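Each chain gets a letter, A, B and so on, in the order the sequences are listed, and its residues count up from 1. The shown structure was predicted, so the numbers you read here are calculated from the model rather than taken from an experiment.
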Protein chains: 2
Amino acid sequence: MTAQQVSGQHEAELLDEMWRHVTPDAARRMLIAAAHAFADKGYHATTTRDIASLAGMSPAAVYIHYRSKEDLLFQISKIGHELSLSVLSDVPGKDPVERLSNAVSSFARWHAEYHTTARVVQYELGALSPEHHATVVELRRGIEGRMRSIIAEGVEAGLFDAPDLRGATLAVLSLCIDVARWYQPTGKRTPEQIGALYADLVRRMLMS
Amino acid sequence: MTAQQVSGQHEAELLDEMWRHVTPDAARRMLIAAAHAFADKGYHATTTRDIASLAGMSPAAVYIHYRSKEDLLFQISKIGHELSLSVLSDVPGKDPVERLSNAVSSFARWHAEYHTTARVVQYELGALSPEHHATVVELRRGIEGRMRSIIAEGVEAGLFDAPDLRGATLAVLSLCIDVARWYQPTGKRTPEQIGALYADLVRRMLMS
DNA sequence: TTAGGATCTAAGCAACCGCTTAGTATGTGC
DNA sequence: GCACATACTAAGCGGTTGCTTAGATCCTAA
């Protein structure tokens, strides 16, 4: 077994872990298949036949567990947003500097490790129905709010220098999110290393 | 005329300016229509009928000037990459610090001002044919190389502290490119302000 | 044993896709 | 006036799309 195969297996395990509470089994397999296909080719370029075929089932089987192709996208987007939001909850750290480092490190690492889901989450928002889009936008507001409050703590403590708080928050989130675009499992940087590198860059970017 | 209409007209003028050397007139109108549609809905969700309709012509007229829908995407992607590459050419500045600030400021501002084209350039790479994709990847290598050499100059001069040169380059480019994803013309930050904010953040991120 | 729900497939429908064909208008050189 | 290239449109072709229908199979409980 090559290193790349090990890496591939590791990712498959991560995905299984990620969607573990989706039941029944066939529904979970279809979500995983859809997430891979959407990330690989984009939502609109993926057919329901692609998804069914990846999940090892007939095209009609999709509609036993999901209302529509868009419903599949919404489930992936919703769960994905909730997971990436949970990464920014109760971030440990004895002071704002440590808390920001941990937040950035975890958030950037998440976008590398779960880059497949993260790509769907970040780049297929526009394909959601207006109602589903609104649900997801609300989750995104939560993500921005949590990162902003971590930075704000540091500013109030006089540790960070960020005259434009919202601008700085935007830049930090943007930096982490964009990891999903360029990250490749075959690249030389591991998700942990990316998290460490980014935590350091952001610390220097904001510390006074 | 409202502020938003002025802004809209300003953007339309920028686009006309951007594609000014595309002839004949109908071919240029179609490129502009395609760029807007691709940025708005994505390449695969855009039909050739959408493009023709936006350009005020019949569906068949697309094929007078372009081989295929993918050819339209390639022209947009190629010209877009060349323009964003030219932004990083001959960056002025009396020292590496000033040069980096100018490079980041210009590059980030470009991704805000031309966010329509930039989105196509950044998010529809995968829809290109293998040959066209290779052409564009070559241009992207040039972009990365120019930013890296600017940072490297500062490191060699002892002004920047970047133990991981390629990692730092990746982060800086990533930060600027992601502006195209979140930028909204109706937002409160102008492209110039974003450029200034980002130049400052990156300077602090890299200076020793 | 068997009724009944849940889960799946084979087949196919209406709509839409990228692109082509055949033919029409327009302008230009001679 | 006429031949001819360019630029366009109306119509439509073969193939694909998301999704539905009708029916087969399986599991479970009485």
Side-chain angles (χ1 to χ4, degrees), chain A residues 19 21-77 120 123-133, chain B residues 19-77 120 124-133:
Chain A
W19 310 108
H21 67 282
V22 177
T23 53
D25 206 73
R28 178 172 52 250
R29 264 163 43 219
M30 291 228 224
L31 257 199
I32 295 172
H36 271 109
F38 291 165
D40 190 39
K41 305 191 294 181
Y43 173 78
H44 285 106
T46 300
T47 70
T48 55
R49 287 165 178 82
D50 289 336
I51 297 166
S53 157
L54 265 176
M57 308 186 82
S58 78
V62 171
Y63 297 90
I64 306 289
H65 302 285
Y66 299 95
R67 291 169 173 277
S68 63
K69 182 183 154 187
E70 191 269 347
D71 187 31
L72 268 165
L73 175 63
F74 176 57
Q75 298 302 328
I76 295 166
S77 192
V120 180
Y123 303 128
E124 305 296 348
L125 282 178
L128 290 167
S129 73
E131 296 77 20
H132 289 163
H133 183 80
Chain B
W19 309 107
R20 67 183 182 281
H21 68 280
V22 177
T23 54
D25 206 73
R28 177 173 54 250
R29 265 163 42 220
M30 289 222 250
L31 255 200
I32 294 172
H36 271 110
F38 292 165
D40 190 41
K41 305 190 295 180
Y43 174 78
H44 285 106
T46 301
T47 69
T48 55
R49 287 164 178 83
D50 289 335
I51 297 166
S53 158
L54 266 176
M57 307 185 83
S58 77
V62 171
Y63 297 90
I64 306 289
H65 302 286
Y66 299 95
R67 292 171 173 276
S68 63
K69 181 183 155 188
E70 191 268 346
D71 188 28
L72 268 165
L73 175 64
F74 176 58
Q75 298 302 328
I76 296 166
S77 192
V120 180
E124 305 296 348
L125 281 177
L128 290 167
S129 73
E131 295 78 19
H132 289 163
H133 184 80

Could you state the [atom1]-[atom2] distance from [X] to [N], rounded to the nearest angstrom?
X	N	atom1	atom2	answer
Arg49(A)	dC13(C)	CZ	P	13 Å
Asp50(B)	dG18(C)	CG	C1'	12 Å
Lys41(A)	dT16(D)	NZ	P	13 Å
Arg29(A)	dT7(C)	CZ	P	13 Å
Arg28(A)	dT7(C)	CZ	P	14 Å
Asp71(A)	dT20(D)	CG	C1'	17 Å

Indicate for each nucleotide in nucleotides 23-28 of chain D, in 5' to 3' sequence, whether protein heavy atoms under 4.0 Å reach the base (B), only the sugar-phosphate (S), or nothing (-). ------

Would you please confirm or rule out a distance under 4.0 Å between OP1 or OP2 of dG18(D) and any side-chain N or O of Thr48(A)?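 Affirmative; the distance criterion is met.
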
Which pair of heavy atoms, one from [X] and one from [Y], lies closest together, and at what distance?
X	Y	result
Pro59(B)	Arg49(B)	CG-CG, 3.9 Å
Glu70(A)	Ala127(A)	CG-O, 3.8 Å
Thr48(A)	Val62(A)	O-CG2, 4.1 Å
Met57(A)	Met30(A)	SD-CE, 3.9 Å
Ser68(B)	Tyr63(B)	CA-CE2, 3.9 Å
Asp50(B)	Lys41(B)	OD2-NZ, 2.7 Å

Strand contacts (DNA chain D) in residues 53-66 of chain A, 4.0 angstrom heavy-atom criterion: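 Going residue by residue through residues 53-66 of chain A, the ones with a heavy atom under 4.0 Å of DNA chain D turn out to be Ala60(A), Tyr63(A).
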
Keeping [X] on the side-chain end and [Y] on the backbone end, is there a donor-acceptor pair under 3.5 Å?
X	Y	value
Tyr43(A)	Val120(A)	no
Tyr66(A)	Gln75(A)	no
Arg29(A)	Ala55(A)	yes

So which one's nearest nucleotide on DNA chain D is more toward 5', Ala27(B) or Ser68(A)? Ala27(B)

